[in-house]
Amino acid sequence: MRVRMRVRALRRTARGLVVATVAACLVAVLPAAAFAHVKVTADAAVQGGYAALTFRVPNERDDASTTKIEVRLPTEFPLASVSVKPHPGWSYKIEKTTLATPIESHGTKIGEVTSKITWTASDEDSGIKPGEYDEFSVSAGPLPETDRLTFKTLQHYSDGEVVRWIQESSGDDEAERPAPVLDLTAKGAAAPGSAAGAAPAAGAEAAAGAEAAAPESGSDAGVAWAIGLSAASLVICLGCVVAPALHRSRTG
């Protein structure tokens, strides 16, 4: 009888160890998967103002580097002024489009605006390697009177793969490859002393601190949920492992 009890206890312990191992893997993998999106942030994205936009690009692959990034600017909400911050080891190309209806900015009618920016690594060593991410900055404005801007992005890898970050999320369900989205603040809701209405040059100077100053758009809430769920699973599973061991020590 005692032998059977020991065998059962060992089996329960083995099952607990397996579950704990799976939970530990979830803790490591889920946050990484949630963070592995191309995102856009800004120092102060207020309608009618200028902002330093920062595109954060992580490398999702473990066997290839990211060598080119294509960011499409929303022509349905055209940006009259766009300037790119030079990025060491990368060159950039700006493409423009002619608007069917010109827009007015600072008393000047503008019929042609930037529609796409392409960053290309100078060589393979300059690319974004596995386990790394990089950031690319743009000063843009005046920001349109809309709740959000969507920047569809293509991520090119050194092996020829192209990841298309162009999907738009609907409701509470996040798309598998969501396009970077920037939420805009209404003019009246701007915080006192906000730099959003500053000139484009001032916005470019603020690019270095953009990420720290602005809340991220995207799935940060989902990331926190995934981390919490995974951690809770790990604690429960560890309890399943420890409890049988304590029971055996008490019963001898």
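Taking the ring-ring contact (aromatic ring centres under 6.0 Å, His included) definition, one finds that Phe136 meets it with His87, Trp90, Trp119, sequence neighbours left out. For Arg164, there are no side-chain hydrogen bond (donor to acceptor under 3.5 Å, both in side chains) partners two or more places apart in sequence or in a different chain.
In plain terms, the two heavy atoms of Asp43 and Ala52 that are nearest each other are OD1-N, 3.1 Å. Here the closest heavy-atom approach between residue Gly48 and residue Pro142 is recorded as O-CB, 3.7 Å. The two atoms that bring Lys129 and Ser126 nearest to each other are NZ-N, 4.4 Å, heavy atoms only.
A distance-only check finds no donor-acceptor pair linking the side chain of Gln167 to the backbone of Ala179 [under 3.5 Å]. Side chain of Ser115 to backbone of Glu95: a donor-acceptor contact under 3.5 angstrom is found.
With rounding to the nearest 0.5 angstrom, the CG atom of Leu143 is 7.0 Å from the CG atom of Leu53. Note: Leu184 CG to Gln47 CD = 6.0 Å, rounded to the nearest 0.5 Å. From Ser158, atom OG reaches atom CG of Asn59 across 8.0 Å, with rounding to the nearest 0.5 Å. Distance check: Thr97 OG1 to Leu73 CG gives 11.5 Å after rounding to the nearest 0.5 Å. To the nearest 0.5 Å, the span separating CZ on Phe55 from CG on Asp134 amounts to 13.5 Å. Between the CZ atom in Arg56 and the OH atom in Tyr133 there is a gap of 6.0 Å [rounded to 0.5 Å].
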Only pairs under 3.5 Å count here: list side-chain donor-acceptor contacts from residues 62-72, not counting sequence neighbours, and write none if there are none.
{"residue": "Asp63", "atom": "OD1", "partner": "Arg61", "partner atom": "NE", "Å": "3.0"}
{"residue": "Asp63", "atom": "OD1", "partner": "Arg61", "partner atom": "NH2", "Å": "2.6"}
{"residue": "Asp63", "atom": "OD2", "partner": "Arg61", "partner atom": "NH2", "Å": "3.3"}
{"residue": "Thr66", "atom": "OG1", "partner": "Gln155", "partner atom": "NE2", "Å": "2.9"}
{"residue": "Glu70", "atom": "OE1", "partner": "Lys116", "partner atom": "NZ", "Å": "3.0"}
{"residue": "Glu70", "atom": "OE2", "partner": "His156", "partner atom": "NE2", "Å": "2.5"}

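Through chains of ILVMFWY side-chain contacts below 4.5 Å, Ile103 is grouped with Leu99, Ile110, Val113. Val162 forms part of a hydrophobic cluster together with Leu154, Ile166, judged by ILVMFWY side-chain heavy-atom separations under 4.5 Å.
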Stepwise, does the side chain to side chain contact (heavy atoms under 4.5 Å, CB included) test hold for Ile94 with Val84?
CA-CA 9 Å; Ile94 293 178; Val84 182; 3.8 Å; yes

Test salt bridge (charged side-chain N to carboxylate O under 4.0 Å, His left out) applied to Glu60 and Arg177, step by step: CA-CA 12 Å; Glu60 293 185 311; Arg177 299 290 184 187; 2.7 Å; yes

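Residues Thr150 and Pro74 have side chains not in contact (no heavy-atom distance under 4.5 Å, counting atoms from C-beta outward). Side-chain atoms of Tyr92 and Thr120, non-hydrogen and from C-beta on, never get closer than 4.5 Å to each other. The side-chain heavy atoms of His37 and Pro58, taken from C-beta on, include no pair separated by under 4.5 Å. Annotation: side chain of Val57 is in contact with side chain of Ile128 (closest heavy-atom distance under 4.5 Å).
Heavy atoms of other residues, nucleotides or ligands lying less than 6.0 angstrom from CD of Glu132 number more than 12. Residue Glu161 qualifies as enclosed at atom CD: its count of foreign heavy atoms under 6.0 Å is above 12.
Legend: side-chain hydrogen bond (donor to acceptor under 3.5 Å, both in side chains) pairs involving residues 104-114, not counting sequence neighbours, sorted by first then second residue: Tyr50-His106.
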